[in-house]
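Taking it in order: structure first as structure tokens, then the write-up.
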Protein chains: 4
Amino acid sequence: MSENIKFSSGLHVFGNTLDRFVGGGYKENRTLEQMFADAAKVKDLKGVELVANWHINESNIDEVKELSKKHDLAITMVVIDIFTQAKWSMGSFAAKDPAIRKQAIEDVKKYLDITAQLDCDLIDLWFAHDGFDYSFQADFIKAWQDIIDGIKECADYRTDMRLGIEYKIKEPRTHIHIGTIGKVLALLSKVAKDNVGIIIDVGHSLCAYENMAETIALCKLFDDKLFHLHLNDNYRAWDDDMLVGSVHLQEYLELLYWVKKVGYSGWYSLDIFPYREDGIKSADESIEWLKVMIKAIESVDDHEIEAVIKRGDGVEALGLMRKMLFK
Amino acid sequence: MSENIKFSSGLHVFGNTLDRFVGGGYKENRTLEQMFADAAKVKDLKGVELVANWHINESNIDEVKELSKKHDLAITMVVIDIFTQAKWSMGSFAAKDPAIRKQAIEDVKKYLDITAQLDCDLIDLWFAHDGFDYSFQADFIKAWQDIIDGIKECADYRTDMRLGIEYKIKEPRTHIHIGTIGKVLALLSKVAKDNVGIIIDVGHSLCAYENMAETIALCKLFDDKLFHLHLNDNYRAWDDDMLVGSVHLQEYLELLYWVKKVGYSGWYSLDIFPYREDGIKSADESIEWLKVMIKAIESVDDHEIEAVIKRGDGVEALGLMRKMLFK
Amino acid sequence: MSENIKFSSGLHVFGNTLDRFVGGGYKENRTLEQMFADAAKVKDLKGVELVANWHINESNIDEVKELSKKHDLAITMVVIDIFTQAKWSMGSFAAKDPAIRKQAIEDVKKYLDITAQLDCDLIDLWFAHDGFDYSFQADFIKAWQDIIDGIKECADYRTDMRLGIEYKIKEPRTHIHIGTIGKVLALLSKVAKDNVGIIIDVGHSLCAYENMAETIALCKLFDDKLFHLHLNDNYRAWDDDMLVGSVHLQEYLELLYWVKKVGYSGWYSLDIFPYREDGIKSADESIEWLKVMIKAIESVDDHEIEAVIKRGDGVEALGLMRKMLFK
Amino acid sequence: MSENIKFSSGLHVFGNTLDRFVGGGYKENRTLEQMFADAAKVKDLKGVELVANWHINESNIDEVKELSKKHDLAITMVVIDIFTQAKWSMGSFAAKDPAIRKQAIEDVKKYLDITAQLDCDLIDLWFAHDGFDYSFQADFIKAWQDIIDGIKECADYRTDMRLGIEYKIKEPRTHIHIGTIGKVLALLSKVAKDNVGIIIDVGHSLCAYENMAETIALCKLFDDKLFHLHLNDNYRAWDDDMLVGSVHLQEYLELLYWVKKVGYSGWYSLDIFPYREDGIKSADESIEWLKVMIKAIESVDDHEIEAVIKRGDGVEALGLMRKMLFK
């Protein structure tokens, strides 16, 4: 089974990195050409995700198509830009300013069309600034309703395209409305569109004190809505976007088992931020970890794993993981 | 408006307290009679919640009714015992053992009947042990489905009674399935019963890095499902069950504003654990804080508050709270 | 080297477990005899720790000595009881009540004598209740000074015995004064006694968002003060006292490497709380994990590990761990 | 007493703000002149802190002096730049590269001289990148020793100047060596220089699950080392650098009481990041909150406060705060 896994990566992995203290960046700025060329050097990488405005816009569609073709890298998803520019700082779909709300929805539609031109049927809606920082700053009911209505309108615009909602509990706002797996499931119960689903960023799941495997399972239980998978790791207090393999090995084994178990057939896509590390090596190492971890879970018969889960004894569960890892 | 608020308290506030280190308790064990007598001494307290097995069972219904009448304290809710005994340690509705699952559901039905005898139409279902601690220990999909099915069965048993679901992210398990406001909303979208709603314990909300006011607002947006309110405070890392007024004053102002704004007319019930403090004084002080906080938000005109929320400026929001508190 | 490791366990691992909800316990109460007999069944276990009052007191010294001899289990440490009884609820060395302070110090002296009779030279001082929950509740300077003075007095009482300070950031108080590795190092700089050192509970280190290996290294740098090691695991938000091997494999590898690197030659002692699990199996599984993890780090040459650390590249560090675990 | 309080602010409060997603900034870039002019508009502001490289360097010393004079704003501190440029990304005093270590120390010396020219005797050393992200990436003992040695060398270079150490537990690294109040106290016990002390950023204290007041008290107990105070607020999971008054009112009351109690006579300096808010208004509002909070604690007699602290009862402590705020 592990042979069939398709690995992807955010193109930003090969670009510059910055934060609020090092505004000039930890590395050099890179051209689109350079980033594609780097991605192509990563062993086993078959696709890249783009962030609108950072990597793709109305004027460079042909260049992107050429680079994609030249480097044999599929465009696996386009992340809509409702978060990289100052104009979105007070929100997009839930902005208080109706002109901003309108512009956000127009941009989504525009990029649905652009994405379709890239032989890709999936966009990512991450409502990064649609939240609040201070008490008495948000009208929660209106904000949620605006997000629900906006998603429905976009979903209806192109029923041939899939819209994935990516939740995150905090950053860049201290509180983001669509923040947890539960909230996104509740949201989708109101949206109720076939072409709207969920993008799980496992680091966002960790940050919300979720068990990543349960999160995947709930996507299955609630109408089989897992559209895409972002892989990285962190220390749970923040979205550190570290390399896969960094911190949570045991929980990652369970995650990967459940991803397989629910029948997910999409991309395994890296969303890491190698602030101080080489992008190519970071992607290579992350994929190596994914491969050895998948091999570890495949080294034990599924029936045996299911039997352990069925009995639910903690000591046995640990023994199972010890067997996976240490034979 | 503040005059109409009905204050309640868990009866356990007036009992002994213990934890894993001080198993014998921080105080003395108390009789039911003593706890009711103490509750009656709390100024403004009009009702008490009972925990099944701790305070109420098949054999002391008449005693409870008498004490309730004698001390003029309504029974505001009965918390079903699916968490105080060793038999529930591996779960109740989602226990792997079908006999335990069956017993849990039977107990709920039994206590629905008992509760009805107490002139009370509300029970609390808190799935404390229905979760997991270790990776590869839980079958998430089956567990959730079992919980959904169990709730439906119980809801159908007595449609004249209301069943409130209380979520909590951790403790006593490291992970509890029904853990966040989002998860309970998703759960209810599957349960879909008019007599099943939500009990918000604001400390559980804080523990899950929720904004308590947003949590209340979501209960409104998703079919007006706020059945009951548990009040306390904590430092967000754990369910410390501290007195109201301890830590989060600004967020509490916003919470109490939204509780009013959504038209909640139920009990304001204390769920505090005064491990080292006097129970009566703890309840009195908590209620005093509630009263001064409510007075503070009522000191500013609602239109002014709504205008601040509508503009959504953080500095203005802080200015509003400063006005509420410091005139 | 791994052959020389001496494994110990808290005797409580084989006793009943309880928490504030399941006051009667998740298991049955056990006699001292039963707990020793269980400990003896754990493969590779060579010693047990005792908690005063729970396991040892003035009247059962001979029984303990006999059981220790009969089961060939060394007494590796005695944890002083300044935390299991209601009288300590407002603190011990830093209690506001001078009579309680005096009694705490007298008890330490008494148990120093008792411990010496058990062929053991190490006690554990964990200031569990010496902290606070509410703002304006603590006189921090006086509390710290009282703790410093108390430790000095106890250290001088028996210079042939070693006193280990165990820190913890929270539980049972929301804030414990001696809460982090930094605070205990600062404390020891004032105490300045040769026979006073540090007991690292790695779960307490995780709870304080410490890197466990750095914590060990700091014990070395600050006068080589690592006296004893408590092993367990948790999800970082709380002292879950889970089995070794549960969550943090990568950080555990680094921890065990540094424990070896600093030349620690003491006990590797389990301090787990198997609430719902069999005690013997839990100890066995934890020791198995320790053994395979130690073997994993020993599978790579120390020079190679040191070279990776010296270069400090994150990707290389991950590659090293991948090599340790997956060959 | 409150009349004598001297308010200061980081000059960055009036500049642009950015983060990893909005690299171009939430606002416009501002000139030094503009930022000084804005600072001058803040009521009650008497001084500004500068960050080297962002605001001050060898070539603009005269301009800074002029602006300081023109706007009647004292230079209250210079934060050394060992964190804003890519060259520091793998550390400064504890960088693996000896050339970087040397350069960091040379820069500190250079800025000690520059700072002295600004009628200011205080610099801030924040070891932002001296930490690690991955296991097996850091040589903890060498890193700490390098930091200790570097501080000593810098302290000896200008004994007429004061060097304040600012700790922080995470960001921009997932782990920063000098991360908590305890660690900085331990560090200073090794540094042992009269002109080296501590800068408390209360938000960093909150992030490390410290009680801010205890942190201040420990600076007093350990050789009276509180050199400077950075004020802001956050939700404890991250250094949100929110306005004063945002979240933790009760703990802020205790903080401000202890700052007064330990006899601190330095600046009350704002270190906020108003990403989406107006800088001038943010500073004004923060100072207003400080003033009303100080007035609140001054509204109760110190003897009464001390009596409550001495008794240590939680309910009384809450009653005291209620009296401060709502009388």
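Here is how names work: the chains are called A, B, and so on, in the same order as the sequence lines, proteins then strands, and each is numbered from 1.
- When heavy atoms are compared at a cutoff of 4.5 Å, B:Ala213 approaches chain A by way of both its backbone and its side chain.
- In plain terms, the two heavy atoms of A:Glu214 and B:Trp144 that are nearest each other are OE2-NE1, 3.0 Å.
- Contact of B:Lys142 with chain A is not made at all, since no heavy-atom distance falls under 4.5 Å.
- Proximity to chain A is limited to the backbone of B:Asp313, based on heavy atoms less than 4.5 angstrom apart.
- Closest approach of B:Ile181 to A:Lys183, counting heavy atoms only: CG2-CE, 3.8 Å.
- Counting heavy-atom pairs closer than 4.5 Å to chain B, the top-ranked of the candidates A:Val262, A:Leu253, A:Thr180 is A:Leu253.
- In terms of heavy-atom pairs under 4.5 Å with chain B, the best-connected choice from A:Leu255, A:Ile305, A:Leu218, A:Ile169 is A:Leu218.
- With chain B as partner, the option from A:Glu251, A:Met90, A:Lys170, A:Lys190 having the largest number of non-hydrogen pairs under 4.5 angstrom is A:Lys190.
- Of all non-hydrogen atoms in B:Ile309 and A:Lys96, the two that sit nearest each other are O-NZ, 2.6 Å.
- Looking only at side-chain heavy atoms (C-beta outward), A:Leu320 and B:Tyr134 stay at 4.5 Å or farther from each other.
- For B:Ala208, the part sitting under 4.5 Å from any heavy atom of chain A is the backbone (N, CA, C, O) and nothing else.
- B:Gln137 contributes a side-chain N or O that, together with a main-chain N or O of A:Gly312, makes up a donor-acceptor pair within less than 3.5 Å.
- Highest contact tally toward chain A, considering only B:Asp133, B:Val315, B:Thr174, is held by B:Thr174 [criterion: heavy-atom pairs under 4.5 Å].
- Annotation: side chain of B:Phe136 is not in contact with side chain of A:Gln250 (no heavy-atom distance under 4.5 Å).
- Heavy-atom pairs under 4.5 Å with chain B peak, among A:Met321, A:Lys261, A:Lys220, A:Glu306, at A:Met321.
- Heavy-atom pairs under 4.5 Å with chain B were tallied for A:Asn211, A:Leu185, A:Val184; the largest tally goes to A:Asn211.
- The two residues A:Gln145 and B:Leu221 come nearest to each other via the heavy atoms OE1-CD1, 3.5 Å.
- Proximity to chain A is limited to the side chain of B:Met324, based on heavy atoms less than 4.5 angstrom apart.
- To the nearest 0.5 angstrom, A:Ser135 atom OG is 9.5 Å from B:Leu249 atom CG.
- Shown here for B:Ala186 and A:Phe222, the closest heavy-atom pair between the two residues is O-CE2, 3.2 Å.
- More than 12 heavy-atom neighbours from other residues, nucleotides or ligands sit within 6.0 angstrom of CG on A:Asp301.
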